[in-house]
Asks: 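Let me give you the structure first, and then I'll get to my questions.
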Amino acid sequence: MTSPDALVRVSTARGVTTLTLDSPHNRNALSTPLMTELLDGLATAVADPSVRVVVLDHTGPVFCSGADLKETAAAYASGSVPAGKLGDVLVAVRECPKPVVARVAGPARAGGLGLIAAADLAVCVEEATFAFTEVRLGVIPAVISATVLPRLTSRAAAELYLTGETFDGRRAAEIGLVTTAVPAAELDEAVARWCAALVKGAPGALAGAKELLRRTAETDLRRELDHLSAVSTGYFLSEEGREGVLAFREKRSTRWVAALDAG
């Protein structure tokens, strides 16, 4: 059970674990305690075989304002800042073997953008605002670039990194930061639709598909195809692959879908 003073609230239903950033007093800033709880929540979801999908949600009007600048200022005396933990969070989200969906009902800045980009799917409301404001603070969006830059077009990245200008949800979808932007009234429906589709996937196959999406292709096409053919064969011969093909031929639900229905 989530404690009353938790900064990340955890709930699970029908194979979906929702991790809700719950620190609205500082706009869900990425403080060390919040990031620690987020990492714990992700680890627990990964370890639970009944969990198929993870949703990143938030309370309050802001999804995430980025680094906790109050904590950062206090850390100056020690000669370091708590940016390293953000790297741990981005890796955990990006490399989570289960699909991660970001539900963005409000603005995001800095590290919050890195979190959104690390998720596999992200939906925001059209009126949500985003900005890479780092240069206006005398710093650069270094850590979050690991997840952000692979999502953005290069021209958009140059414009937004250098100007720090604010853009809305529609632009975020156009440049690849989010998967889609929807009217506020349709946000929950969009998340629910994705989750319903994702839980139909075999757990092992979903993890493998995520690895495929992260993989850097071989420059030699023959070696690339040889590798991918071997991977494909392995999945067809796996227990999940055999079950999926048999279920399709028998026109029935797969075991992993039936398990959710039974629950």
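Predicted model only: the values in this text are computed from it and were never measured. All residue numbers in this chain count up from 1 along the given sequence. Computed from heavy atoms alone, side chains included, the values below leave out hydrogens, waters and symmetry copies.
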Asks: Salt bridge check, Glu186 against Arg193: does any charged N sit closer than 4.0 Å to a carboxylate O?
Replies: no
Asks: For the hydrophobic clusters of this structure (ILVMFWY residues joined by side-chain heavy atoms under 4.5 Å, transitively), does one cluster hold both Val46 and Met35?
Replies: no
Asks: Please determine if Asp57 and Arg9 form a salt bridge, counting it only when a charged side-chain N lies under 4.0 Å from a carboxylate O.
Replies: no
Asks: Answer yes or no: is there an ion pair linking Asp261 with Arg14, defined by an N-O contact shorter than 4.0 Å?
Replies: yes
Asks: Around atom CZ of Arg155, are there more than 12 heavy atoms from other residues, nucleotides or ligands closer than 6.0 Å?
Replies: no
Asks: Just verifying a value: how many Å separate Lys98 NZ and Arg52 CZ, rounded to the nearest 0.5 Å?
Replies: 8.5 Å
Asks: Distance-only check: which donor-acceptor pairs under 3.5 Å involve side-chain atoms of residues 122-139, not counting sequence neighbours?
Replies:
{"from": "Glu126", "atom 1": "OE1", "to": "Arg170", "atom 2": "NH2", "distance (Å)": "3.3"}
{"from": "Thr129", "atom 1": "OG1", "to": "Arg109", "atom 2": "NH1", "distance (Å)": "3.4"}
{"from": "Thr129", "atom 1": "OG1", "to": "Arg109", "atom 2": "NH2", "distance (Å)": "3.2"}
{"from": "Arg136", "atom 1": "NE", "to": "Thr163", "atom 2": "O", "distance (Å)": "3.1"}
{"from": "Arg136", "atom 1": "NH2", "to": "Thr163", "atom 2": "O", "distance (Å)": "2.7"}
{"from": "Arg136", "atom 1": "NH2", "to": "Glu165", "atom 2": "OE2", "distance (Å)": "2.7"}

Asks: Find out whether Trp194 and Pro99 are in side-chain contact, i.e. whether some heavy atom of one side chain is under 4.5 Å from a heavy atom of the other.
Replies: no
Asks: Side chain to side chain donor-acceptor pair (under 3.5 Å) between Ser50 and Asp48: does it pass, once the steps are laid out?
Replies: CA-CA 5 Å; Ser50 71; Asp48 186 345; 2.7 Å; yes
Asks: Drop me the distance from Leu34's CG to Thr36's OG1, to the nearest 0.5 angstrom.
Replies: 8.5 Å
Asks: With a 4.5 Å heavy-atom cut-off, do Asn28 and Phe63 have their side chains touching?
Replies: no
Asks: To the nearest 0.5 Å, tell me how far Thr153 OG1 sits from Arg151 CZ.
Replies: 13.5 Å
